[in-house]
Amino acid sequence: MAQYSCVSGSVGLITLKNPPVNALSAAVRHGIVDTVKRALSEPKVKSVVICGQNGIFCGGADIREFASDMSGPPLVPMIHAIEAANKPVVAAIEGSALGGGLELALGCHYRIAHSKAKLGLPEVTLGLLPAAGGTQRLPRLIGVPAALNLITTGRHVTAAEALQLGVVDQVTDQNTVDAAVKFALSVAGQSLDARRISTYPCPRPSDLDALFDGVMQKVRQSARGAIAPVACVQAVRAAATLPYTQGMEREKELMATLFTSGQARALQYCFFAQRAVGRWSMPSGARWDTSKPRPVHKAAVIGLGTMGRGIAVALAQTGLSVVAVETQEKQLMEAKQAVSGMLERGAKRRGVAPALDGISYSGNIQAVADADLVIEAVFEDMTLKEKIFQQLSAVCKPGTFLCTNTSALDVDHLASQTRNPELVVGMHFFAPAHVMKLLEVVYGTRSSPQAVATAMQLGKKMGKVSVAVGNCRGFVGNRMLKPYLEQAFFLLEEGATPELVDRALEEFGFAMGVFRVSDLSGLDVGWKVRKGDGLAEPEMATGQSARIRQGRRYSPLGDLLCEQGRYGQKTGQGWYQYDKPGGRVARSDPWLHSFLEEYRARHGLVARRIDQQEVLERCLYVLINEGFHILEDGIAAGPEDIDVIYVFGYGWPRHRGGPMFYASMVGLAKVLERLEHYHQAHPDVPYMQPCNLLRRLVASGSPPIQRWREVIKKLHSQL
Ligand SMILES: CCCCCCCCCCCCC[C@H](O)CC(=O)SCCNC(=O)CCNC(=O)[C@H](O)C(C)(C)COP(=O)(O)OP(=O)(O)OC[C@H]1O[C@@H](n2cnc3c(N)ncnc32)[C@H](O)[C@@H]1OP(=O)(O)O
């Protein structure tokens, strides 16, 4: 709703009230229409101020309403009526003015922002465009290039940048509403002819076509199949080439296409899923709202390889005091330099002082004795980790949380090495740890709710999207990756090439296909794991057992490449070739193609034509199937957790909503039917056997993803 009062004798003050972000729900729109009418009709009122309660102007249209039949006054005429008013209307912007919130402010005659306010048109991130006149007013106000930048990226700008761009008229450090009221008093009675943005001519750059062609090309490239950024460019082009009313028609047309698209649904699902994962729960019944985190003032990192360095940087950047421990002297010296460099570069980018003094370094594990929380980040070697957890348990002050950055190993086993297993949790960061947004917080059977709450809160402080998951081999992300990688290898055996597989996945929207990623992260990483699992044994490379191991189909292709020293980018050769070791540009490698032909011949395999659809179905559906197993096993509490992990940690295209959401869009019955089909064709691949939960969901009529938890709960209660 919106509340009306008259202040300072002649200013009508309209306050938007819809916690937590004053979204423009039907009730708020009704409130605005009514209060604006009232302010304009009261003779004593000479000017109007619009503000939002609780320090936030407005978070935009109510996204939840998009999923239902929208009723109530539409935004466009509402904003138009404000702009057409014959009394000055001033927007008092505190906190955020985003999306429809900024569009409302653009309909006002003046905008005054608090210095800490953030403004932006983030609709593109929800698969939409600013359809309440934003695409038509903003370019008229700040010019085409700046408007294109804001609208196609959805980025939020500070009040200072908004002032510089001309989005706002004044920035204040004082009480924003007081400043706006004072301003409103000063402009009462003045002509508004020059203040209605829709009447401005849109500045037309002389090289209009070249400008739009260039932007469109760039946007298409970075959009990776997302349609909203392209529609945003088309809408701004309409502002630059058509009169305002026709531009508004074009904006509406483009919005209608986006609004009903699967991509908008996927992106809006992601918006809420990202927030839902913060409301974690554990099978024990412990929850985010009943578990109190303990404050962490001093944190420690053990092991300063690539991961440890990134974690130390991310911790220091949050302002914590950090102890970084590395027992190998040479590695410690190198790490010191590397961490300082990362902190300096990060600080320069953010325009702040580097937190160099926040980190102390030591070669002795005793240095972590008074830390509140320790993160172990040494090699993936259980024996080494066991030893470290035994030492930590002896060295640390009582109550210190002990965390492991393992990407797959058993958190319960590590906890069993300590005196207080309830203090142990996994904190699985993704490389580079100071950049990647995802954090899997892994609870073991004995982890206390407080340990989980503390790790979740620390992750949030570090700017991560943290997802609480149960303990199993590979947790959620890496467990699902295994069948996906396996399928990619099998496809090569059957006739595909790395180029074909990667192209299919990249056209689907992944930034990089599976083989390009494998070259980037190093083929030796998986090789080491497979050796540890007793799968990649050289003596098995010939004979009958070469393609069947531990009773199931196995492809030794990755192992064979490693035996040739082809580890990927770092050695200059992997699934592709590079111009030098460390080179970045992947080129097709004729050697690899001959190697695949020889391999097939050796194993009596006849190459067949494989199309992109088969690549996608096999790679993605086995990954999704494993996701259903993870839900069935209670390792993830809901599909949102899996989807957030895949979008933030594994490059799953956000406009496809994550693997579980994608399955719901494809149709669960279809996913089931294709898995059954492929399992029949490949009975020696257990990952293809459809999960019971998937069958259950299909049998119960494929409910929408928001209702899967009910089916899962029922399934668990029957076990
Ligand atoms: C044939 C059919 C044709 C149909 C055509 C239809 C035409 C329809 C015409 C529409 C006109 C378009 C109008 C406009 O252009 C569209 C929009 O405005 S879209 C919305 C744009 N706004 C945003 O994207 C902002 C989103 N919010 C944020 O970024 C942040 O929430 C924040 C405002 C910066 C605050 O951040 P935080 O303080 O960290 O808080 P949270 O993020 O945790 O949020 C708290 C809580 O609020 C919920 N929430 C936030 N914003 C909205 C919102 N806009 N609508 C609904 N709910 C919102 C958020 O989900 C949290 O709740 P929780 O999920 O935790 O329960």
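For ligands, and for the atoms within them, numbers begin at 1 and follow the listed sequence. Positions are given from 1 along the sequence.
Annotation: atom 44 (O) of ligand 1 to nearest protein heavy atom, R275 NE, 4.0 Å. Nearest protein neighbour of atom 49 (N) of ligand 1, counting heavy atoms only, is V21 CG2, 4.0 Å. Looking only at heavy atoms of the protein, atom 34 (C) of ligand 1 is closest to L98 CD1, 3.7 Å. Protein heavy atom closest to atom 27 (N) of ligand 1, with residue, atom name and distance, is F271 CZ, 3.6 Å. Closest to atom 9 (C) of ligand 1 among all protein heavy atoms lies M255 CE, 4.5 Å. Among protein heavy atoms, the minimum distance from atom 65 (O) of ligand 1 is reached at R279 NH1, 2.8 Å. For atom 25 (C) of ligand 1, the nearest non-hydrogen atom of the protein is G59 O, 3.3 Å. At the top of the distance list for atom 1 (C) of ligand 1, counting protein heavy atoms only, stands T260 CG2, 4.1 Å.
A salt bridge does not link E710 to K713: none of the charged side-chain nitrogens sits closer than 4.0 Å to a carboxylate oxygen.
Contact annotation for A61 and ligand 1: heavy atoms of both the backbone and the side chain come within less than 4.0 Å of the ligand. Residue contacts with ligand 1, taken as heavy atom pairs separated by less than 4.0 Å, involve D62 via backbone and side-chain atoms alike. Contacts between T125 and ligand 1, counted as non-hydrogen atom pairs separated by less than 4.0 Å, are absent for every part of the residue. Looking at K252 against ligand 1, nothing comes within 4.0 Å, counting heavy atoms.
Geometric assessment of R275 against the ring of F271 yields a positive cation-pi assignment under the 6.0 Å and 45° thresholds.
Here the rule is salt bridge (Lys or Arg N to Asp or Glu O under 4.0 Å) with E83, and of R137, R195, R196, R140 only R137 fits it.
Contact annotation for atom 37 (P) of ligand 1: protein absent (non-hydrogen atoms, distance under 4.0 Å). Note that atom 54 (N) of ligand 1 has protein non-hydrogen atoms nearby, at separations under 4.0 angstrom. Inside a 4.0 Å radius of atom 41 (P) of ligand 1 there is at least one protein heavy atom.
Every N/O-N/O distance between A23 and ligand 1 stays at or above 3.5 Å. Not one N or O of I56 is nearer than 3.5 Å to an N or O of ligand 1, by distance alone. When only interatomic distances are considered, the shortest N/O to N/O separation between E123 and ligand 1 falls below 3.5 Å. Not one N or O of P130 is nearer than 3.5 Å to an N or O of ligand 1, by distance alone. Between L126 and ligand 1, no N or O atom pair is found at a separation short of 3.5 Å. On a distance-only criterion, S96 and ligand 1 share no N/O pair closer than 3.5 Å. The N/O atoms of R64, backbone and side chain alike, include one that comes under 3.5 Å of an N/O atom in ligand 1.
Below 4.0 Å from some heavy atom of G99 lie the following atoms of ligand 1, by number and element: 18 (O), 21 (C).
Residues T15 and Q53 have side chains that never bring a donor and an acceptor to within less than 3.5 angstrom of each other.
For the pair G134 and ligand 1, no heavy-atom separation below 4.0 Å is found.
Classification of the H428-F430 ring pair by plane angle, with boundaries at 30° and 60°, yields tilted.
In this structure, E251 contributes its side chain and T135 its backbone to a donor-acceptor pair below 3.5 Å.
Under the 4.5 Å side-chain criterion, counting only non-hydrogen atoms from C-beta, V124 is not in contact with L129.
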